[in-house]
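What follows is a set of notes on a single structure, which appears directly below.
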Amino acid sequence: MWYLSCAWRAAAPRLPAPWRSPRSRGSATGPTARKSVPYEKTLQEDGSGSGEPSRPPPSAAEVVVVGGGSLGCQTTYHLAKQGVTSVVLLERDRLTSGTTWHTAGLLWQLRPSDVEVELLAHTRDVVSRELLAETGLHTGWVQNGGLFIASNKQRLDEYKRLMSLGKVYGVESYVLTPSQTKDLYPLMNIEDLYGTLYVPKDGTMDPAGTCSTLARAAAARGATIIENCPVTGIQVRADDFGVRRVYAVETAHGTIQTPCVVNCAGVWAPALGRLAGVHVPLVGMHHAYVVTERIEGIQNMPNVRDHDASVYLRLQGDALSVGGYESNPIFWEEVSDKFAFGLFDLDWDVFMPHIEGAINRVPVLEKTGIKSTVCGPESFTADHKPLMGEAPEVRGFFLGCGFNSAGMMLGGGCGRELAHWIIHGRPEKDMYGYDIRRFHRSLTNNNRWIRERSHESYAKNYSVVFPHDEPLAGRNVRKDPLHEELLRQGCVFQERHGWERPGWFSPRGAAPVLDYDYYGAYGRERHRDYTYNRLLGDEYTFDFPPHHDIIRTECLTCRNALALFDMSYFGKFYLVGPEATKAANWLFTADVSKAPGSTVYTCMLNQHGGVESDLTVSRISAGAPASPLAPPFEGDGYYLAIGGAVAQHNWSHITTVLQDMKLQCKLLDCSEELGMMSIQGPLSRVVLQEVLDTDLSNEAFPFSTHKLVTAAGCTVRAMRLSFVGELGWELHVPRADCVKVYQAVMQAGARHGIANAGYRAIDSLSIEKGYRHWHADLRPDDTPLEAGLAFTCKLKSSIPFLGREAVEAQKAKGIFRRLVCFTTEEKVPMFGLEAIWRNGEVVGHIRRADFGFAINKTIAYGYIRDPAGGPVSLDFVQSGSYELERMGVPYPAQAHTRSPFDPDNQRVKGIY
C-alpha cells in the first residue's frame with residue numbers, strides 16, 4: 001500500500017482528477033489500491049500451490065510439458081490431437097497461475113508476417129470453433145473487431161500493407177476515413193486521425209476459459225494434467241557418442257522418465273533451462289493495464305490499438321482495459337519461484353503516458369474512474385519473437401516460451417507447430433523466425449545483449465515496421481577484421497547474428513554505432529548528433545530512401561567495373577573425417593563428392609523436402625596444424641560457406657543429422673578465424689591478376705573451382721563464384737591478414753574504379769540475377785522444385801540424400817505452387833507481402849522485392865498457386881495477366897520464367 005501511495009503522490013500532479021478512483025483504499029487522493037484482473041472467473045483456489053498434486057505423476061511419458069499457461073495447454077492439446085497420448089502437463093501451481101491469468105487476451109489477425117497471420121488464424125479457429133465443437137464449452141471468445149489508429153501517412157501505409165496481405169489469407173479488413181471511424185466508434189476523438197484499419201473479426205479471449213477448455217479437451221484425448229507439481233530437476237545423460245539428451249524430469253512428487261521436455265514456463269523458463277544446462281535468452285518485465293469504471297456507450301465497440309500513442313483499449317464488457325508499451329519498463333530483477341496469481345503495484349510514473357494517450361483518443365475517459373490495476377510479469381526477448389524449437393545444447397529439450405505478452409494470441413498456432421516439431425522433427429510451417437537457433441550460441445548467454453535488445457524490442461513494439469530498420473541495442477558484439485577499415489570509409493553497418501556487416505557506404509564519412517542509450521530511459525542521457533541513428537531515420541519511409549542513388553551507384557559500379565564486398569560475417573565450417581563423404585552425400589542435394597578443388601552450390605533439405613539451407617561446399621585436401629585455411633584431418637574434407645545470419649541454424653541442422661546418423665566425422669567452426677571478401681564485376685580478373693600469384697584465365701581457373709594462392713604475401717583460398725551474376729572471385733583470408741589483402745586489392749583496383757559495396761547492393765544485384773536468399777524466397781516450407789532449384793538435386797544419380805523421397809514424390813505428383821519473378825514498369829518500391837493477382841484472383845504474395853538498377857525496374861519474387869487447385873506449370877505462369885497490390889493499389893506486372901538480367905549466364909563466364 002505504501003509503495004502505491006508514494007507512486008501516486010509522485011504522479012498525481014500530472015494525472016487528470018477523475019483518474020483518482022473513488023475506490024481507493026488507504027488514500028483519499030490516490031488511485032485504486034485494488035489489484036485485480038477483470039475476469040469473472042480465474043482458476044485460483046484456496047490453498048493454491050500448497051497441497052498435494054492433483055494426481056500422482058506417472059513413472060514415464062513420451063513428452064512432459066512444463067508450465068500450465070497458454071502455451072503449455074495449447075501444446076499439450078495439440079500433441080494429444082496429433083496422436084501423442086502419453087503426454088504429461090506439469091504445473092507448479094494451478095493452470096494459468098504464472099502470467100496467463102492476467103493477460104489482456106487480445107487477438108489481432110493482421111501482422112507484418114505471412115507466417116504469423118497463419119498462426120493467428122489457427123488460434124482464432126481453436127478458441128472460436130474447434131474447442132466448442134469438441135467439448136461443448138465456450139472458451140470466452142468475443143468477436144468485437146479490431147481498429148488500428150493511424151495519425152500519419154506512414155502509419156496508414158503500414159496498415160495498407162497489412163490489408164493487402166490479409167487479402168491473400170482471407171482476412172476481412174477495411175481502411176476507414178476519420179469520419180467513417182467516428183461512425184463506427186462514436187466516442188473516439190478523430191481530430192488528429194489520418195485514417196484507420198478495421199478488422200471486424202478480431203476479438204478477445206478469456207485466459208481461464210480457454211486454458212481450462214484446452215486441458216479438458218487434451219485429457220479427453222489421453223493427456224495427463226497435473227497441478228501443484230513443481231519441477232525440481234531435469235536429468236540429462238550423454239549417449240555413447242557424447243550427445244547430451246533428456247532422460248527424466250524430477251518433481252517434488254516423483255520422477256518421470258521421458259526423452260522429451262517442453263519448456264513452457266514463461267518468465268520462469270530460464271530457471272527451468274538452467275536445470276538442463278540450456279540457455280533461455282529472455283527477461284522478465286512488469287507489464288500493466290488498468291480497468292475503468294463503466295462507460296456509457298462503449299458496449300460492443302471494437303478493440304483499439306493506437307500505435308503512435310503506444311496504447312491499446314480493450315473492450316471489457318461495459319468498460320475498457322487500457323495498456324501499452326512504454327520506453328522505461330521495469331525489469332523483474334529477482335524472479336520468484338513462489339509467485340502465483342500475483343500482481344505488482346502499478347508504478348504510475350511509468351504508466352502515465354498510456355493514460356494520456358487513452359484520454360486523447362477517447363476523451364470520455366477523462367471523466368471515468370479506475371476500477372482496478374493489473375500489473376504482472378511477462379517475458380520478453382531480444383527481437384520480440386517467441387523462443388521455440390529444440391535447444392542446441394540438449395537433444396529432446398524444447399522451448400515454447402518468451403511470447404512477449406502475446407502467448408494467448410499466438411498460442412494456438414504455435415502450440416500446433418511445436419507439437420508437429422516434436423513428433424516429426426520439424427514444424428509444418430516456416431518457424432525459423434521463432435526458432436531458438438536464430439540466435440548465435442555466443443548471444444544466448446550474453447546478458448548485456450539480451451537485456452539491451454529486449455528493452456529496445458519492448459519500447460519499439462508499437463513502432464512502424466520499416467523494411468530496413470536496424471537495432472541500436474546490443475551492437476558491436478561481433479566485428480569482422482575489416483570493421484575499422486570500412487568504418488573510416490563511411491560504412492553504415494547492419495546487425496546480423498551479432499555481427500556488424502556492411503549495409504551501404506555513406507559519402508559523408510564515418511557513422512559509428514554507439515553504446516546503447518536506452519532511448520534516454522532510466523536517467524541515461526540520449527546521444528546527441530548521432531549520425532548512425534539519423535541515417536536510420538532517413539530509412540523510415542515506404543518510398544525510396546534518400547540514399548537510393550548511393551546504392552544505385554554501388555550496384556552499377558559492380559555491373560560496369562568492379563566492387564569489393566566484405567562478407568566476413570559468413571559462417572565458415574569444415575566437415576572432416578573418415579565418414580565425411582558419407583555425411584556430405586546425405587546432407588547435400590548436389591553431388592559434392594568431387595575432386596579437391598571443386599566448389600558446388602547446393603541445398604540442404606529436411607525429410608519433407610523443405611529447404612533448410614543453400615550454401616557452397618568445396619572439397620579440400622588436408623592442411624597443416626593450426627591453419628584456418630585447411631585443418632589437418634584423416635579421411636575426406638569439405639569447406640562450407642553459409643550466410644552468416646543463418647549460421648547457427650545451419651550448424652544445428654548439420655549437427656543434428658550427424659548425431660542421428662552416428663557418423664565418424666566432425667563439424668568445425670572457423671567463422672571467427674577467417675575473413676571473406678568478394679571482388680565482383682567485369683574488371684575483377686584484371687585487378688585480381690595483379691594481386692594473386694595464379695593464372696585467372698577461364699582455362700586455368702574455371703567457374704566453381706577454388707585453390708590456395710598468395711595475395712600480398714599471404715596465403716588465401718580463392719574461389720571463382722558469384723552471388724551477383726558477374727565475373728568474380730571470393731578470397732577467404734586468415735583474420736590477421738585481412739586488412740593487408742584488402743588494401744592490396746583496393747590499391748590495385750583504384751585506377752579501374754573499384755568501390756566498396758554493402759549488403760543493400762547485394763540484395764539488389766542478387767534479385768536482379770534471380771539468385772535466392774534463404775529465409776526470404778527460400779524457406780524450410782519451400783521445396784527445390786517449387787523454388788526453381790531442381791538443378792541442385794542429384795536426382796539423376798542413385799545417391800540417396802535427406803529429403804530425396806519427398807522431392808521425388810512431389811516431382812511425380814506435380815508442383816502445386818511455384819516461385820515466380822515479376823517486374824513492374826512503374827518505378828515503385830516494394831518490400832515483400834504485396835498481394836499477387838492473376839486474372840483478377842489472388843494467387844499468392846511477394847516474399848522478396850527490391851529495385852534492379854541495371855534493368856531499371858522493380859523486381860519481386862513470390863510463390864503462386866492455381867485457385868482451381870491444379871498444378872502450377874510454366875504454361876500456367878506465362879498465360880496469366882498479373883498485378884501486384886502494394887498498399888491497396890494494384891500495379892501491372894510481367895511474370896518471368898527466367899531471370900530478367902543476363903538469362904543466359906554469360907557474365908559469370910566472363911563473356912561481356
Side-chain angles (χ1 to χ4, degrees), residues 42-43 49 53-55 57 61-82 84 86-103 105 123 126-127 131 139 205 207-219 221-231 234 246 249 251 256 258 260-273 275 280 282 337 339-341 377-379 386-389 397-422 434:
T42 71
L43 301 182
S54 57
R55 65 181 63 200
E62 291 181 70
V63 182
V64 174
V65 179
V66 182
S70 172
L71 256 295
C73 291
Q74 289 278 13
T75 302
T76 302
Y77 165 71
H78 282 91
L79 281 166
K81 189 169 184 179
Q82 294 182 37
V84 181
S86 179
V87 55
V88 176
L89 170 61
L90 299 177
E91 165 54 46
R92 64 185 173 88
D93 197 273
R94 296 286 193 230
L95 297 182
T96 76
S97 63
T99 61
T100 297
W101 83 291
H102 61 72
T103 182
T123 298
V126 169
V127 300
L131 288 174
T139 63
M205 298 169 286
T210 299
C211 290
S212 60
T213 307
L214 284 165
R216 179 172 296 192
R221 294 177 178 271
T224 301
I225 314 295
I226 307 177
E227 297 175 293
N228 285 332
C229 191
V231 172
I234 306 288
V246 168
V249 175
T251 79
I256 306 171
T258 182
C260 181
V261 172
V262 190
N263 184 350
C264 297
V267 175
W268 297 268
L272 185 66
L275 296 179
V280 181
L282 62 79
D337 61 358
F339 195 95
F341 292 112
E378 291 281 4
S379 58
L387 306 174
M388 295 179 63
F397 192 95
F398 284 79
L399 302 181
C401 52
F403 273 78
N404 305 278
S405 77
M408 286 291 293
M409 180 164 56
L410 291 168
C414 288
R416 179 185 63 181
E417 294 304 313
L418 192 50
H420 197 278
W421 214 327
I422 293 164
Y434 290 4

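Side-chain atoms of Q82 and R416, non-hydrogen and from C-beta on, do get closer than 4.5 Å to each other. With contacts defined as side-chain heavy-atom distances shorter than 4.5 Å, the pair L71/T100 does not qualify. Under the 4.5 Å side-chain criterion, counting only non-hydrogen atoms from C-beta, F341 is in contact with S97. The shortest distance between side-chain heavy atoms of H102 and T99 falls below 4.5 Å. In this structure the side chain of I234 reaches within 4.5 angstrom of the side chain of V249, judged on heavy atoms. Between C414 and L410, the closest side-chain pair of non-hydrogen atoms falls below 4.5 Å. The shortest side-chain heavy-atom distance between F403 and M388 falls under the 4.5 Å cut-off. The shortest distance between side-chain heavy atoms of Y434 and L387 does not fall below 4.5 Å.
In this structure, N404 contributes its side chain and G402 its backbone to a donor-acceptor pair below 3.5 Å. With hydrogens and angles disregarded, no donor-acceptor distance shorter than 3.5 Å links the side chain of S70 to the backbone of G411. Between the S212 side chain and the G209 main chain, a donor and an acceptor come within less than 3.5 Å of each other. Not a single donor-acceptor pair under 3.5 Å links the side chain of E227 to the backbone N or O of R94. Listed for the T251 side chain is no donor-acceptor partner under 3.5 Å among the backbone atoms of C229.
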- request: Give the intermediate values and the outcome of side chain to side chain contact (heavy atoms under 4.5 Å, CB included) for residues N263 and V280.
  value: CA-CA 10 Å; N263 184 350; V280 181; 4.1 Å; yes

task: Dump the intermediate steps for side chain to side chain contact (heavy atoms under 4.5 Å, CB included) on V262 and I422, then the final yes or no.
output: CA-CA 9 Å; V262 190; I422 293 164; 3.5 Å; yes

query: Stepwise, does the side chain to side chain contact (heavy atoms under 4.5 Å, CB included) test hold for L131 with Y77?
result: CA-CA 10 Å; L131 288 174; Y77 165 71; 4.0 Å; yes

task: Give the intermediate values and the outcome of side chain to side chain contact (heavy atoms under 4.5 Å, CB included) for residues V88 and V63.
output: CA-CA 6 Å; V88 176; V63 182; over 6 Å; no

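L90 contributes atom CG, which lies 10.0 Å from atom CG of L272 (distance to the nearest 0.5 angstrom). L95 contributes atom CG, which lies 4.5 Å from atom SG of C73 (distance to the nearest 0.5 angstrom). Interatomic distance, CG of L79 versus CG of L89, reported as 10.5 Å (0.5 Å rounding).
A80 and A218 get closest at one heavy-atom pair: CB-O, 4.0 Å. For L282 against C401, the heavy-atom pair with the smallest separation is CD2-SG, 4.2 Å. Nearest heavy atoms, A61 versus I256: N-CG2, 3.8 Å. Taking all atoms of both residues into account, the shortest heavy-atom contact from S405 to T103 is O-OG1, 4.5 Å. Of all the heavy atoms in V267 and S379, the pair that sits closest is CG2-N, 3.6 Å. When every heavy atom of A419 is checked against every heavy atom of T75, the shortest pair comes out as CB-O, 4.4 Å.
Neither side chain, T258 nor E62, offers a donor N or O lying under 3.5 Å from an acceptor on the other.
More than 12 heavy atoms of other residues, nucleotides or ligands shown are found within 6.0 angstrom of CZ on R221.
None of T210, V126, T139 except one satisfies the side-chain contact (heavy atoms from CB on, under 4.5 Å) rule with M205; the exception is T210.
The cationic group of R92 lies under 6.0 Å from the six-membered ring centre of W268 and within 45° of the ring axis, placing it in a cation-pi geometry.
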